[in-house]
Amino acid sequence: MSNVTEKLGIKIERNPSEEKLTQLGVRWSCSPSKFPWTYDSKETCYLLEGKVKVTPSGANESVEFGAGDLVVFPKGMSCTWDVSVAVNKHYLFE
């Protein structure tokens, strides 16, 4: 059973269906680090491993997510990724 929440324009789905996960074919890995990122396209990603805190530019709050979460970032968002536990994820840009 999935559970979807949205905060600061970022959607997080916990326990997504297998059908949804098969749509995300590409994989990406990242060691603990902190870096700026801007989304030229909408990104949907599913974290297999890891823990991340994302702070949208101009926001005073952050959004945290980790292994088992399906996350959607809107096109045009600029933010800072703070990876505290190495990430291994599937992702899809639309």
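Annotation for Pro56 and Cys79: closest pair CA-CB, 3.7 Å, computed over non-hydrogen atoms. Summarising the geometry of Ser31 relative to Ala86, their closest heavy-atom pair is CA-CB, 4.3 Å, with the distance given to 0.1 Å. Nearest heavy atom pair, residue Val54 against residue Val52, reads CG2-CG1, 3.7 Å. Among all heavy-atom pairs drawn from Ser84 and Pro32, the shortest one is O-CG, 3.9 Å. Between Thr44 and Lys42 the shortest heavy-atom distance is OG1-CE, 4.1 Å. Residues Pro16 and Gly68 come closest through the heavy atom pair CD-O, 3.7 Å.
The NZ atom of Lys51 sits 11.0 Å away from the CG atom of Asp69 when rounded to the nearest 0.5 Å. A distance of 13.0 Å separates CZ in Arg27 from SG in Cys45, rounded to the nearest 0.5 Å. In this structure, NZ on Lys34 lies 7.0 Å from NZ on Lys53, to the nearest 0.5 angstrom. With rounding to the nearest 0.5 Å, the separation of NZ in Lys20 from CG in Asn15 is 12.0 Å. Within the model, atoms CZ of Phe65 and CG of Leu47 stand 6.0 Å from one another, a figure rounded to the nearest 0.5 Å. We find the SG-CD distance between Cys30 and Glu49 to be 12.5 Å, quoted to the nearest 0.5 Å.
No side-chain heavy atom of Thr80 sits less than 4.5 Å from a side-chain heavy atom of Trp37. Annotation: side chain of Leu70 is not in contact with side chain of Ile12 (no heavy-atom distance under 4.5 Å). Under the 4.5 Å side-chain criterion, counting only non-hydrogen atoms from C-beta, Lys7 is in contact with Glu61. Between Met77 and Ile10, the closest side-chain pair of non-hydrogen atoms falls below 4.5 Å.
A side-chain donor-acceptor contact under 3.5 Å links Ser57 to the backbone of Ser78.
By the 30° and 60° cut-offs, the orientation of the rings of Phe73 relative to Tyr39 is parallel. A perpendicular orientation is assigned to the rings of Trp28 and Phe35, their planes being inclined by more than 60° (bins at 30° and 60°).
Hydrophobic clustering (side-chain heavy atoms under 4.5 Å, transitive across Ile, Leu, Val, Met, Phe, Trp, Tyr) keeps Leu8 apart from Val72.
Within 6.0 Å of CD on Glu19 lie no more than 12 heavy atoms contributed by other residues, nucleotides or ligands.
In summary, Lys89 and Glu43 engage in a salt bridge, as defined by a charged side-chain N under 4.0 Å from a carboxylate O.
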